Amino acid sequence: MSRIARRFAALKAQGRGALIPYLQACDPDYDTSLALLRAMPGAGADLIEIGVPFSDPSADGPTIQLAARRGLKAGASMVRVLEMVARFREDDADTPIILMGYLNPIEAYGHARFCADAARAGVDGLIIVDMPPEEADLLDGPAVEAGLDIIRLVAPTTDDARLPMVCGSASGFIYYVSITGVTGTRTASSDELAAALPRLRAATDLPVAIGFGIRSPEQAAAAVRAADAAVVASALIATLEDSLDEEGRATPDTLPRVLAQLSDLAKAVRSAR
Amino acid sequence: MSAADSSGTERGVAETLPNSLRAGPDPRGRFGIFGGRFVAETLMPLVLELDAAYAAAKADPAFRKELDYYLKDYVGRPSPLWFARRLTEELGGARIYMKREELNHTGSHKLNNVMGQILLARRMGRSRIVAETGAGQHGVATATVCALFGLKCTIYMGATDVERQKPNVFRMRLLGAEVVAVTSGAGTLKDAMNEAMRDWVTNVRDTYFLVGTVAGPHPYPQMVRDFQSVIGDETRVQMQEAEGRLPDVIVAAIGGGSNAMGIFHPFLDDPSVRLVGVEAAGRGLDSGETAASILRGRPGVLHGNRTYLLQDEDGQIDEAHSISAGLDYPGIGPEHSWLADIGRVEYVGATDDQALAAFQLCTRTEGIIPALEAAHALAHVAVIAPTLSPETLLVVNISGRGDKDIFTVAAHLGVTL
């Protein structure tokens with residue numbers, strides 16, 4: 001059983017949903033983001049998404065765009081991201097790590113080599129925003145071979161004709177993009193979520209995580225009442241950004257502030273049901 | 001082995017397609033390994049819907065008839081094929097003809113494609129149009145048809161380009177479009193494209209994304225090429241009338257590659273016709289400040305398609321550089337990438353300085369002020385025409401007029417306007 005499946009099974013046994021925080025690798029620098037990554041499980045992260053910085057994040061809103069820019073300026077590269085995961089794995093063997101990003105840095109690394117190196121570093125799953133199932137052929141084989149889950153995105157526009165195909169090729173969990181839009185903007189209403197989830201449940205037995213637009217503890221709690229996990233990204237990054245000094249460097253406030261916010265989210269998620 | 005023979009199987013175009021270089025893309029939108037539909041799941045159903053809508057329109061004679069009407073009476077087609085006598089004499093070599101796309105309404109080839117897509121958007125019931133623009137030519141063309149049909153229009157333009165293309169920005173605003181200056185990245189065409197895609201993914205229900213070049217997710221590269229192929233189709237007929245045979249060489253500038261694809265495509269299966277695409281070399285192909293995606297890039301995935309991209313070792317996309325805002329893009333249409341790999345089209349570079357010199361040469365000898373984009377094609381003509389025999393028939397695509405560029409050119413020549 002993969003780390004992702006184990007974690008969701010354990011949470012199901014406890015009768016609660018998962019909190020999946022997101023951080024952008026090397027934002028604002030390698031050491032700070034590694035320290036944040038290492039502290040996240042203690043603050044209540046059940047799984048963690050690491051954003052791989054890309055020069056052209058065309059599905060991301062302003063907050064993650066700026067985070068990616070800071071990460072690249074601090075020297076982020078795929079090699080550094082995998083190194084960061086390997087360092088994290090030195091003292092955490094259980095928390096699933098999912099890399100989220102765009103396809104081109106993986107193409108540049110080489111599909112098969114990337115999957116092998118990512119699995120060796122301790123990565124469990126991949127979310128690739130600009131790789132719909134129709135274009136996944138070059139990556140799916142090496143990912144399966146390396147034991148990596150390919151987490152598919154489902155959107156409000158994914159129609160019934162398409163949904164079985166998308167879910168059929170998914171593993172790990174389904175990432176439901178709860179709004180039509182970029183990251184960190186609008187929030188889906190509970191009515192919208194209530195309408196979307198039965199359709200998804202009918203198409204897959206995999207756990208469902210809800211992402212895009214979840215900012216507050218209340219919204220995170222609503223998400224895990226409707227589904228199995230809540231992804232929080234831009235709200236945490238906005239806090240990190242706000243804690244930086246004028247030159248964009250980390251301050252003594254950076255980690256405590258982000259982790260305090262994460263704890264509040266975790267409390268809400270754990271008491272949601 | 002001819003290019004046609006090798007293309008069928010080795011490059012992965014479906015074997016069921018006819019033995020022609022004009023048959024692509026395959027049903028997945030691939031030209032060999034290039035092209036495809038690399039978009040977020042939110043957009044995937046829309047891209048598939050567009051593919052079906054375009055296929056239906058293409059098969060509908062009423063759509064063709066409607067497009068022909070607007071192309072003739074609104075765009076002003078056909079555009080002339082002009083024998084450039086003084087430029088021919090000055091360069092001393094090939095007989096140079098100019099395909100006068102700068103005479104279209106709005107001053108460039110862009111309206112050919114925009115007219116086709118706006119009619120499609122109307123058929124699809126979309127009420128709002130978004131588009132990206134570099135030099136502003138595509139933005140002006142899009143704003144124009146939105147005015148013509150009374151549609152809401154938002155144009156994304158890099159902040160750097162807004163600054164260097166002020167006349168076009170003003171034109172778009174006069175036409176009723178909202179022009180959004182994009183400040184992310186270097187503020188050029190790549191950033192405008194990112195922002196237009198963000199708008200599209202946010203406003204999927206009512207918005208049509210009107211892509212201006214032969215790039216993006218399938219079916220855009222094919223659709224834009226089809227709409228621009230009117231350039232090459234006319235050139236074929238006009239050259240027959242003028243000289244009784246096909247041209248020997250066709251030269252066109254390439255940013256995303258729509259004017260070049262439009263004039264090349266009808267000649268792909270004529271091996272006697274040499275096709276030359278001129279990329280913007282910027283300050284030099286090896287200066288690190290270039291926009292020559294095929295000559296200095298590697299295959300990768302950006303903006304919905306796999307194609308040649310200027311990128312670093314880690315797959316981060318480089319900033320392109322060109323004096324011409326319309327060529328200032330680190331990628332190129334996927335069909336060009338395929339045509340480069342199979343060797344059917346030659347790709348060369350022209351620097352900023354060469355383009356500036358050709359801009360002046362064309363203006364002085366023919367009384368035609370070309371766009372800086374087209375000046376790159378002219379720059380290569382100035383290199384090769386003297387080496388060719390006087391019997392050689394050469395066509396250069398004058399993709400746009402240069403009025404918009406006079407401020408840029410004046411600044412480079414040290415003149416204050």
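Computed from a predicted structure; not experimentally measured. By convention in this document, chain letters (A, B, ...) are assigned in the order of the sequence lines, proteins followed by strands, and residues within each chain are numbered from 1.
- Considering only heavy-atom pairs separated by less than 4.5 Å from chain B, the leading option among A:Leu66, A:Val177, A:Asp159, A:Leu72 is A:Leu72.
- Contacts with chain A were tallied for B:Glu319, B:Arg306, B:His303; B:Arg306 has the most, counting heavy-atom pairs under 4.5 Å.
- The two residues A:Pro156 and B:Arg205 have their closest heavy-atom pair at CB-NH2, 4.2 Å.
- With a 4.5 Å cut-off on side-chain heavy atoms, B:Leu309 and A:Asn104 count as touching.
- Ranked by heavy-atom pairs shorter than 4.5 Å toward chain B, the options A:Arg186, A:Arg162, A:Met78, A:Met131 are led by A:Arg162.
- With respect to A:Asp137 and B:Arg28, a salt bridge is recorded, a charged nitrogen being found less than 4.0 Å from a carboxylate O.
- Contacts between A:Leu153 and chain B at a heavy-atom distance below 4.5 Å involve backbone atoms as well as side-chain atoms.
- With rounding to the nearest 0.5 Å, the separation of OH in A:Tyr176 from CD in B:Glu41 is 11.0 Å.
- Ranked by heavy-atom pairs under 4.5 Å with chain A, the list B:Asp191, B:Leu48, B:Asn194 is led by B:Asn194.
- The backbone N or O of B:Pro299 lies less than 3.5 Å from no partner atom in the side chain of A:Glu107, so there is not a single donor-acceptor pair.
- No part of A:Ala161 comes within reach of chain B, as not one of its non-hydrogen atoms sits under 4.5 angstrom from that chain.
- Counting heavy-atom neighbours within 6.0 Å of B:Glu313 CD, excluding the residue itself, gives a total of 12 or less.
- Across A:Pro62, A:Ser58, A:Ala155, A:Pro53, the residue that shares the most heavy-atom pairs under 4.5 angstrom with chain B is A:Ser58.
- In terms of heavy-atom pairs under 4.5 Å with chain A, the best-connected choice from B:Val301, B:Asp312, B:Val204 is B:Val301.
- Taken to the nearest 0.5 Å, the CD atom of A:Glu134 stands 7.0 Å off from the CZ atom of B:Arg37.
- Between B:Arg198 and A:Pro57 the shortest side-chain heavy-atom distance falls below 4.5 Å.
- For B:Met44 against A:Pro132, the heavy-atom pair with the smallest separation is SD-CG, 3.7 Å.
- Contacts of B:Leu302 with chain A are made by side-chain atoms alone, with heavy-atom separations under 4.5 Å and no backbone atom involved.
- Both the backbone and the side chain of A:Phe54 have a heavy atom closer than 4.5 Å to some heavy atom of chain B.
- The shortest non-hydrogen separation linking B:Asp314 to A:Ala108 is C-CB, 3.8 Å.
- Of residues 203-215 of chain A, not one residue has a non-hydrogen atom less than 4.5 Å from any non-hydrogen atom of chain B.
- In this structure, the portions of A:Glu135 lying under 4.5 Å from any heavy atom of chain B include both its backbone and its side chain.
- Proximity of A:Arg69 to B:Ser184: side-chain heavy atoms (C-beta onward) are separated by under 4.5 Å at one or more points.
- Between chain B and the residues A:Thr185, A:Val166, A:Val182, the most heavy-atom pairs under 4.5 angstrom are made by A:Val182.
- Highest contact tally toward chain A, considering only B:Arg298, B:Gln311, B:Met193, B:Met197, is held by B:Gln311 [criterion: heavy-atom pairs under 4.5 Å].
- Contact count versus chain B (heavy atoms, under 4.5 Å) is highest, among A:Val79, A:Val154, A:Asp60, A:Ile106, for A:Asp60.
- In this structure, the side chain of A:Thr157 does not engage the main chain of B:Pro45 through any donor-acceptor pair within 3.5 Å.
- Looking at A:Leu138, the atoms closer than 4.5 Å to chain B (heavy atoms on both sides) all sit in the side chain, from C-beta outward.
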